[in-house]
Amino acid sequence: MSEKILLIDGHSILNRAFYGLPELTNAEGLHTNAIYGFLNILFRIVEEEKPDYLTVAFDLHAPTFRHKMYADYKGTRKGMPQELREQVPVMKDVLMAMGITIVAKEGYEADDLLGTLAKKSEARGMDVTVLSGDRDLLQLASKHICIRIPKTRFGKTTIEDYFEENVKEKYQLTPAQIIELKALMGDSSDNIPGLPGVGEKTATKILLEYGTVENAWKHVEELKPNKAKNAFLEHYDMAILSKKLATINIDSPIEYDWESARIGEFYTKEAYEYFKELEFKNFLSRFEEGAEPAKIAVSFQNVTDFTEADALFEKLVKEPELGIEVLREAHQFLGLGLAWNNKEKEEVETVCIFPQGFLTESYLMDQVQKLCEKVERIDALDVKETISEISKVSHKKVFDAGIAAYLLNPLKSSYTYDDIAKEYLGEMLPAKEDLIGKLSYTKAMSEKEAKEKEVAKSICYMAYTALRSRKALMEALENNNMKALFEDVELPLLFTLSNMEKEGIRVNAEALKEYGSQLEVKIKALESQIYEEAGEEFNINSPKQLGVILFEKLQLPGGKKTKTGYSTAADVLEKLAPEHKLVADILEYRQLAKLKSTYADGLAGFIGEDGRIHSTFNQTITATGRISSTEPNLQNIPIRMELGRLIRKVFIPEDGFVFVDADYSQIELRVLAHLSGDENLIEAYKEAQDIHRMTASQVFHVPFEEVTDLQRRNAKAVNFGIVYGISSFGLSQDLSITRKEAAEYIENYFATYPKIKGFLDGLVTEAKEQGYVETMFQRRRPVPEIRSGNFMQRSFGERVAMNSPIQGTAADIIKIAMIRVEQALKEQNLESRLILQVHDELLIEAKEDEVEAVKAILEREMKGAANLAVPLEIDMHTGTNWYEAK
DNA sequence: GAGCAGCCA
DNA sequence: CATTCTGGCTGCTCG
């Protein structure tokens with residue numbers, strides 16, 4: 001196999017990274033985004049291609065032979081912003097520290113050096129890859145020289161590969177003709193003049209016909225269109241000059257030693273120091289040896305003996321602080337990890353215990369419970385998973401590292417021990433993946449894999465990280481003003497959520513089954529009807545097959561929409577439904593199929609032995625501070641359509657109990673009124689019950705009583721839109737009106753409530769300036785997208801900046817209400833319990849003789865959860881099932 | 001596993 | 001010139 005060389009166009013890749021990534025600086029204020037992006041793509045390509053040699057070419061800040069030919073020639077380094085310019089020397093230092101060869105030569109551009117090295121390497125029989133953002137390099141492509149051009153779309157970087165044949169496919173031209181193309185078209189980026197009036201289309205046509213600029217000149221009288229012919233006659237000299245400028249010199253006089261460009265160890269000590277200084281924490285994990293080792297125990301033991309374990313628990317009870325990990329996967333207990341400080345040795349000791357023999361799960365859980373009750377301070381990555389009888393433990397003594405890390409950055413998809421250790425302790429711990437690869441813990445523990453040791457390590461590291469990271473995380477929370485949010489809201493809430501999970505909600509399994517069967521019958525009937533109407537059998541659940549039937553076979557209007565094919569979404573089909581029975585049937589089929597699979601069958605699978613469904617409430621998922629519900633999701637049970645809503649009848653209280661359901665009335669709009677301080681909106685809330693009607697009356701200047709249904713509907717949509725970070729486009733889509741009309745609605749709205757516009761604009765500015773926005777209770781949402789150069793991303797960032805403080809404050813308020821409600825129920829010794837939260841709604845399973853007390857608690861605690869400029873109102877209902885109580 | 005679709009606040 | 005209003009979860013198909 002031939003050897004491989006990777007050649008990189010340094011400035012071009014830095015440039016792309018600089019403009020493609022959000023601003024990034026280290027503690028010293030040095031901009032680092034271009035370097036970061038460069039390294040990212042470098043690592044990716046090296047991992048992908050595994051080249052034997054590697055060289056990066058740079059331009060020098062000096063005139064090249066091209067400047068001598070053409071005074072107006074623009075070097076690549078002209079007009080480089082300071083934020084990028086300062087990164088270039090650092091980039092070179094980093095590369096050198098990584099042992100990567102750099103080439104640059106006075107009088108030549110990086111392109112020329114790359115061209116020279118590419119051709120020479122090819123002549124030596126090597127496979128060559130040239131990485132650049134510059135399409136000029138396509139002229140170098142051949143059978144063995146591949147030009148790779150990274151493209152960033154929607155935040156994802158894809159790489160286009162060009163061998164000789166790919167260039168032909170894309171441009172219909174040979175690589176050599178790419179030079180001719182540039183000579184004719186010109187290139188504004190380096191100021192190479194082209195022929196006026198000749199663009200890519202005309203140039204390609206001419207080249208397909210005549211091959212080269214010179215040959216076209218010989219047939220200049222035949223050239224078409226006339227514009228091109230005249231341009232040739234007038235500017236032929238220019239085209240010849242441009243051709244020379246565009247031609248990459250493949251014979252630059254550089255000294256180059258392939259052997260010294262052979263790839264060695266990137267991850268040197270010097271490189272490590274650089275990465276640390278630049279704060280590239282993600283890359284640090286690549287350094288196995290350079291990293292600071294974890295300050296972990298001499299031995300982390302694996303206790304298997306019962307007597308030994310018992311003695312250990314006896315000893316640990318006396319510790320002042322413990323890190324505990326109870327590892328579960330799919331509700332299955334896998335192992336226990338403990339960590340404590342050994343003061344004499346100034347070390348942390350850890351131990352892992354797997355369930356086996358006399359060390360049963362229940363014994364171990366009892367011991368953990370005892371430790372949690374007796375030890376002064378308990379730290380865990382996920383306290384809710386750790387403590388079984390949580391009500392016997394005070395929230396004041398626990399520390400949850402996962403929640404702390406979530407508050408500090410809610411955008412991460414998970415909060416693993418290695419990430420937390422790296423970020424807050426500056427320690428590199430082997431991650432789960434490093435220890436057991438892509439396996440699950442359960443699989444790694446199986447006889448086949450026998451990776452108990454690695455799993456044990458992982459478990460120990462979790463307990464270790466929980467214990468050690470407390471101080472750093474608390475300090476970070478204090479620095480960000482989130483100590484109160486953490487201690488007074490999130491930590492107590494964890495206890496409430498744990499109790500809710502443990503209580504669960506009772507389900508009438510038979511009724512659910514019956515509901516499913518009824519759906520089944522209707523689905524079967526619809527299915528055969530649809531096949532008949534379509535004239536063939538197909539999979540109705542496949543949007544792909546359905547699209548073919550509707551838009552090709554039956555030729556219905558409404559062609560393409562999605563990336564992969566036709567859109568068959570409900571809003572598209574609804575427009576067609578009135579005229580085609582098939583479409584109407586498909587919509588009904590979809591509705592029923594959804595109800596059956598997700599709700600009827602789906603929920604049935606979650607009913608436990610106690611006849612109740614125990615959902616999981618996750619506290620570290622959403623970007624705004626809401627909680628989420630999984631396995632099953634009980635926060636999206638149907639309500640809008642009657643047929644779906646009927647499912648709620650299977651959710652029932654225990655005998656002797658009833659449901660009391662309370663939901664906040666338009667909490668987000670009230671939060672907006674408060675946060676913006678808009679007097680008109682505040683006044684509107686103090687006066688009117690029906691806020692959407694009031695909005696309509698004020699925005700459309702009609703008396704309250706004369707507001708039409710349409711006006712109210714429109715006002716309601718605007719109200720929602722405002723909360724979501726409105727755009728005229730979005731509103732127009734929602735209301736099926738033109739963008740112009742939508743823009744007028746919005747304008748009228750802002751004219752009616754003048755402070756709201758200022759408030760929302762202020763949030764966008766705030767996000768731009770500090771990189772994040774905050775809720776009323778100092779919960780943060782970073783908005784990295786807001787500094788993006790990409791319009792779509794930036795617009796998204798702006799909407800997020802407007803929505804997050806509103807949605808997040810509402811989330812804070814109901815969290816506070818939940819804590820208060822639970823506390824009140826406990827204080828009054830009631831048996832009634834909180835069992836569900838659906839963003840603005842709380843469901844209580846209330847003992848029949850406690851209903852009045854429960855109602856009073858909900859009323860008081862929900863309304864009193866926050867003190868806003870407008871009253872917090874709730875709607876409350878009771879019932880013998882969730883359908884009735886809503 | 002990605003993409004689509006559809007359910008909720 | 002474009003831009004498709006926030007935040008979630010699950011089920012299904014298909015490569």
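Here is the naming used below: chain letters follow the sequence lines, and residue numbers restart at 1 for every chain.
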Rounded to the nearest angstrom, tell me the gap between atom [atom1] in [X] and atom [atom2] in [N].
| X | N | atom1 | atom2 | answer |
| --- | --- | --- | --- | --- |
| A:Leu735 | C:dT4 | CG | P | 18 Å |
| A:Glu841 | C:dG7 | CD | P | 22 Å |
| A:Asn719 | B:dA9 | CG | C1' | 15 Å |
| A:Ile756 | C:dC5 | CD1 | C1' | 16 Å |
| A:Ile813 | B:dA9 | CD1 | P | 19 Å |
| A:Leu675 | C:dT6 | CG | P | 19 Å |
| A:Ile647 | B:dC7 | CD1 | P | 11 Å |
| A:Ile667 | B:dA9 | CD1 | P | 14 Å |

Using a 4.0 Å heavy-atom cut-off, does [X] contact any base of the nucleic acid, only the sugar-phosphate backbone, or nothing at all?
| X | value |
| --- | --- |
| A:Ser567 | sugar-phosphate |
| A:Arg739 | base |
| A:Ile806 | nothing |
| A:Phe796 | sugar-phosphate |
| A:Val838 | sugar-phosphate |
| A:Ala570 | sugar-phosphate |
| A:Thr568 | sugar-phosphate |
| A:Ile637 | sugar-phosphate |
| A:Ile621 | sugar-phosphate |
| A:Arg799 | sugar-phosphate |

Candidate nucleotides [options], ranked by approach to the side chain of [X] - the nearest:
| X | options | value |
| --- | --- | --- |
| A:Asp840 | B:dA9, C:dC5, C:dC9 | B:dA9 |
| A:Pro638 | B:dC7, C:dC5, C:dG8 | B:dC7 |
| A:Phe791 | B:dA9, C:dT6, C:dT3 | C:dT3 |
| A:Met792 | B:dC7, C:dG7, C:dT4 | C:dT4 |
| A:Tyr599 | B:dC7, C:dT6, C:dC9 | B:dC7 |

- Query: Can you check whether A:Tyr724 stacks with the C:dT6 base, using ring centres under 5.5 Å and planes within 30°?
  - Reply: yes
- Message: Is there, by distance only and without an angle test, a donor paired with an acceptor across the side chain of A:Arg590 and the base of B:dA5 below 3.5 Å?
- Response: no
- Between B:dC4 and C:dT4, how far apart are the P atoms? Round to whole Å, please. 15 Å
- Say you pick atom C1' in B:dG6 and the same atom in C:dA2; how far apart are they, in whole Å? 28 Å
We want to know whether [X] and [Y] form a side-chain donor-acceptor pair, criterion being a heavy-atom distance below 3.5 angstrom.
| X | Y | answer |
| --- | --- | --- |
| A:Glu822 | A:Thr496 | yes |
| A:Tyr589 | A:Gln529 | no |
| A:Glu552 | A:Tyr566 | yes |
| A:Gln807 | A:Glu668 | no |

- Task: Starting at the 5' end of nucleotides 10-15 of chain C, put B wherever the base has a protein heavy atom under 4.0 Å, S where only the sugar-phosphate does, and a dash everywhere else.
- Result: BSSSSS
- Item | Ring centre gap for A:Tyr883 and A:Phe659 strictly below 6.0 Å | no
- Query: If only side-chain N and O atoms of A:Arg640 are considered, is one of them under 4.0 Å from the OP1 or OP2 phosphate oxygen of B:dC8?
  - Reply: yes
- Query: Considering residues, nucleotides and ligands other than A:Lys757, do more than 12 of their heavy atoms fall under 6.0 Å from its NZ?
  - Reply: no
- Quick one: is the NZ or CZ of A:Lys412 closer than 6.0 Å to the six-membered ring centre of A:Tyr406, and within 45° of its axis? no
- Task: To the nearest 0.5 Å, tell me how far A:Asp678 CG sits from A:Tyr685 OH.
- Result: 12.0 Å
- Note on the structure: CZ (A:Arg780) and OG1 (A:Thr775) are apart, to the nearest 0.5 Å, by 10.5 Å
